[in-house]
There are 2 protein chains.
Amino acid sequence: MSQTVDRALSILPLLAEGPADLGQVADRLGVHKSTALRLLRTLHEHGFVYRQTDQRYRLGARLFALAQEAVENLDVREIAHPHLVRLNEECGHTVHLAVYEENEVLYIDKVESRYPVRMYSRIGKPVAITVAAVAKLLLADLPEDERRAVAEKLDYPTYTSRSTPNAAAFLKELAKVREQGWATDLGGHEESINCVAAPIRGTDGRVVAAMSVSAPNVVVTADELLTLLPLVRRTADAVSREYSGRTPATPEQDTGSTGT
Amino acid sequence: MSQTVDRALSILPLLAEGPADLGQVADRLGVHKSTALRLLRTLHEHGFVYRQTDQRYRLGARLFALAQEAVENLDVREIAHPHLVRLNEECGHTVHLAVYEENEVLYIDKVESRYPVRMYSRIGKPVAITVAAVAKLLLADLPEDERRAVAEKLDYPTYTSRSTPNAAAFLKELAKVREQGWATDLGGHEESINCVAAPIRGTDGRVVAAMSVSAPNVVVTADELLTLLPLVRRTADAVSREYSGRTPATPEQDTGSTGT
DNA sequence: CAGTTGCGTTGCATGCTCTGCAACACTCAT
DNA sequence: ATGAGTGTTGCAGAGCATGCAACGCAACTG
């Protein structure tokens with residue numbers, strides 16, 4: 001819609017592949033060197049690109065700062081975080097929080113047993129959308145037509161023999177997940193890793209996020225992990241209540257409606 | 001330099017503070033709504049902003065993905081090299097930079113000693129992992145289970161009488177290194193060569209590389225070499241800061257912990 | 001229910017601002 | 001020294017962004 005901005009923004013993914021000099025940037029953009037220079041300068045002033053000592057351009061620190069701020073400003077994340085920590089303390093395994101956005105599912109928080117807090121580096125990484133338990137929950141809640149559109153547009157990489165093979169199988173799985181209100185990934189992404197997940201819902205009942213517990217086979221079997229399901233669901237429900245109620249300082253004590 | 005791009009980029013920090021609707025964005029930019037709309041659309045096409053269900057704009061997923069890629073492409077060596085050179089100029093000894101990768105520790109950079117007697121090492125060559133100071137730092141930062149797995153899998157060649165004899169001794173040493181934040185190798189690899197090392201850490205605090213100063217006994221005693229420790233640590237910290245994204249032009253902030 | 005207010009959206013004419021060119025400055029290697 | 005390869009600057013022309021005003025739409029409100 002805006003040519004200049006369009007070109008400027010196209011520089012960033014280009015630099016994400018690795019440092020590049022002025023000529024390379026100009027070539028890949030299909031513009032004159034001087035044009036590329038102006039764009040890079042503007043990006044530089046805003047800290048989005050950084051000029052290293054050999055004069056080549058790199059992505060700048062501002063990007064990290066922004067990504068970090070953005071992640072910290074997510075309401076769900078803020079509300080959910082203490083719950084994730086508590087869940088981690090109770091079961092000891094890795095706990096993830098993820099949201100859906102524009103055909104992607106992203107981890108926005110993570111608690112590992114050995115790294116108590118902030119592993120920002122991994123947060124923000126797109127999830128293996130066709131197999132991850134959290135992805136199933138988030139996609140299963142999309143409107144029917146959109147869900148099908150997305151499912152048909154996806155690639156279905158064969159991570160393992162248990163990976164979702166195609167759109168049909170995926171849609172069937174999503175229907176099941178939608179029905180039962182929770183999801184699993186049993187070795188679909190990495191052979192030895194299992195995962196159970198539960199949805200976090202907003203006031204209108206729509207799934208705004210999903211949380212999961214992951215553990216390798218060598219620690220607990222899939223069956224043992226499944227015994228954690230009630231705990232995961234209770235935690236997710238607690239987050240849902242707090243998120244819907246908007247009562248950050250007033251923990252609600254009411255109903256233990258663990259649902260079906 | 002480029003007005004349009006300048007305005008578009010100004011939107012991002014603005015959205016980092018929290019979601020905003022079209023009117024707010026236009027106001028804060030000082031432009032007409034329609035102008036803000038075009039800019040936001042362009043940002044949206046590139047995935048830098050996301051439109052939530054209430055039509056307000058948020059920072060988008062692409063930012064996270066970019067930040068993620070940028071982190072992975074950060075070239076430690078490129079950033080560290082000038083620091084290594086300076087360190088070498090100040091102390092005169094051989095300076096190494098090493099990273100851990102797939103059960104191996106590799107030298108990825110080296111600045112030769114100015115003294116005639118040099119130790120043998122080669123960039124890209126695996127380090128004597130059970131004794132080298134840099135290896136201790138890199139392994140000490142691994143997750144506990146992985147650390148133990150690696151330690152148990154290793155061979156413990158007796159290079160000298162002071163070489164690490166077995167996995168138990170190695171793990172004990174790693175614990176100590178992890179605790180104190182630096183490491184030494186006093187004649188563990190070659191009888192007459194000593195070595196002090198300090199870690200380089202990324203934004204998340206994990207050790208991404210380690211650097212060391214090595215010198216033979218005939219030039220300086222082990223005790224003399226140890227007096228260089230503060231200098232090595234300061235240098236490593238400087239690299240960590242720059243690697244983490246702080247601009248190198250930033251006015252110096254006193255670490256205060258400088259002995260001599 | 002009609003009127004009203006507030007929002008996002010669209011087409012269009014104006015002219016600002018971005019563009020490509022060409023010449024210059026600079027470093028490095030021959 | 002001379003050349004090739006960079007990054008940089010000034011300039012004129014026009015492409016493209018801009019603001020305006022009108023429209024569609026939803027949510028309030030009397």
Side-chain angles (χ1 to χ4, degrees), chain A residues 1-15 17-60 101-102 143 145-146 202-206 244 246, chain B residues 1-15 17-60 75 77-79 81-82 85 247-249:
Chain A
M1 280 274 138
S2 167
Q3 190 189 54
T4 316
V5 178
D6 187 56
R7 286 172 171 171
L9 295 182
S10 301
I11 292 179
L12 298 175
L14 192 155
L15 289 183
E17 299 170 14
D21 63 29
L22 181 60
Q24 295 171 324
V25 171
D27 282 350
R28 299 240 349 223
L29 277 187
V31 299
H32 196 269
K33 279 187 306 179
S34 59
T35 303
L37 181 65
R38 315 292 173 92
L39 298 176
L40 281 167
R41 272 226 254 264
T42 310
L43 289 169
H44 182 77
E45 278 177 17
H46 285 260
F48 285 95
V49 304
Y50 169 68
R51 195 150 198 197
Q52 37 190 40
T53 45
D54 63 356
Q55 292 204 318
R56 291 194 304 167
Y57 292 93
R58 271 196 13 81
L59 291 183
E101 186 176 315
E102 307 268 315
D145 47 351
E146 190 179 349
T203 24
D204 52 4
R206 294 206 48 187
S244 305
R246 298 279 174 148
Chain B
M1 282 273 137
S2 168
Q3 190 190 55
T4 317
V5 177
D6 187 55
R7 286 173 171 170
L9 295 182
S10 301
I11 292 179
L12 297 176
L14 192 155
L15 289 183
E17 299 170 14
D21 61 29
L22 181 60
Q24 295 171 322
V25 172
D27 283 349
R28 302 245 339 230
L29 277 187
V31 300
H32 197 270
K33 282 187 302 181
S34 58
T35 303
L37 181 65
R38 316 293 172 91
L39 298 177
L40 281 166
R41 272 225 254 265
T42 310
L43 289 168
H44 181 80
E45 279 177 15
H46 285 260
F48 285 93
V49 304
Y50 171 66
R51 197 148 196 202
Q52 34 191 41
T53 45
D54 63 356
Q55 292 205 318
R56 290 193 304 166
Y57 293 92
R58 263 200 351 87
L59 291 183
D75 194 346
R77 178 175 32 186
E78 198 155 359
I79 292 174
H81 189 76
V85 171
T247 48

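Protein chains get the first letters and strands the later ones, always in sequence-line order, with residue 1 at the start of each.
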Which whole-number value in Å describes the distance from [X] [atom1] to [N] [atom2]?
X      : N       : atom1 : atom2 : value
R41(A) : dT8(D)  : CZ    : C1'   : 7 Å
D27(A) : dG20(C) : CG    : P     : 12 Å
D6(A)  : dG15(D) : CG    : P     : 18 Å
R56(A) : dG7(D)  : CZ    : P     : 11 Å
H32(A) : dT8(D)  : NE2   : P     : 14 Å
H44(B) : dT9(C)  : NE2   : P     : 10 Å
L43(A) : dC18(C) : CG    : P     : 13 Å
L37(B) : dG11(C) : CG    : P     : 12 Å

Distance check, rounded to the nearest 0.5 Å: [X] atom [atom1] versus [Y] atom [atom2]?
X      : Y      : atom1 : atom2 : answer
L43(B) : Y57(B) : CG    : OH    : 9.5 Å
L59(B) : E17(B) : CG    : CD    : 10.0 Å
L9(A)  : L39(A) : CG    : CG    : 9.5 Å

**Prompt:** Mapping D21(A) and Q3(A) to their closest nucleotides on DNA chain D, which lands nearer the 5' end?
**Reply:**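 Mapping each residue to its closest nucleotide by heavy atoms, the 5'-most match is D21(A).
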**Of G23(A) and S2(A), the one whose closest DNA chain D nucleotide lies more 5'** =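 The answer here is G23(A).
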From the options [options], select the nucleotide whose nearest atom is closest to the side chain of [X].
X      : options                   : value
R38(A) : dG19(D), dC16(D), dG20(C) : dG20(C)
L22(A) : dC18(C), dT10(C), dT8(D)  : dT8(D)
V31(A) : dT18(D), dG20(C), dT9(C)  : dG20(C)

**Request:** Using salt bridge (charged side-chain N to carboxylate O under 4.0 Å, His left out) as the criterion, list what pairs up with R206(A), not counting sequence neighbours.
**Result:**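 Result, salt bridge (charged side-chain N to carboxylate O under 4.0 Å, His left out) vs R206(A): D141(A).
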**Under the side-chain contact (heavy atoms from CB on, under 4.5 Å) test, residues paired with R38(A) that sit two or more places apart** =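 Partners of R38(A) under the side-chain contact (heavy atoms from CB on, under 4.5 Å) test: none.
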Any side-chain N or O of [X] below 4.0 angstrom from OP1/OP2 of [N]?
X      : N       : value
T35(B) : dG19(D) : yes
R7(B)  : dC16(C) : no
Q55(B) : dG8(C)  : no

**Prompt:** For V31(A) and R7(A), what are the C-alpha separation, side-chain angles and deciding distance, and is it a side-chain contact (heavy atoms from CB on, under 4.5 Å)?
**Reply:** CA-CA 9 Å; V31(A) 299; R7(A) 286 172 171 171; 3.6 Å; yes
**Message:** I'd like to check D6(A) versus H46(B) (side-chain heavy atoms, cut-off strictly below 4.5 Å). Are they in contact?
**Reply:**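 Side chain of D6(A) against side chain of H46(B), heavy atoms only: contact under 4.5 Å found.
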**Salt-bridge criterion met for E101(A) and R51(B) (N-O under 4.0 Å)** =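 Salt bridge between E101(A) and R51(B), a charged N being under 4.0 Å from a carboxylate O: no.
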**Asked** When the C1' atoms of the five terminal pairs at each end define the local axes, what inter-axis angle does the helix from dC1(C)-dG30(D) to dC28(C)-dG3(D) show, to 10 degrees?
**Response**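 End-to-end axis angle: 40°.
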**Request:** Describe the nucleic acid contact of S34(B) in one word from base, sugar-phosphate, nothing, applying a heavy-atom distance below 4.0 Å.
**Result:**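 Base: the residue S34(B), judged by heavy atoms under 4.0 Å, touches a nucleobase.
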**Message:** Which is more 5' along DNA chain C, the nucleotide nearest K33(A) or the one nearest T4(A)? Just name the residue.
**Reply:**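 First, find each residue's nearest nucleotide; the 5'-ward one identifies T4(A).
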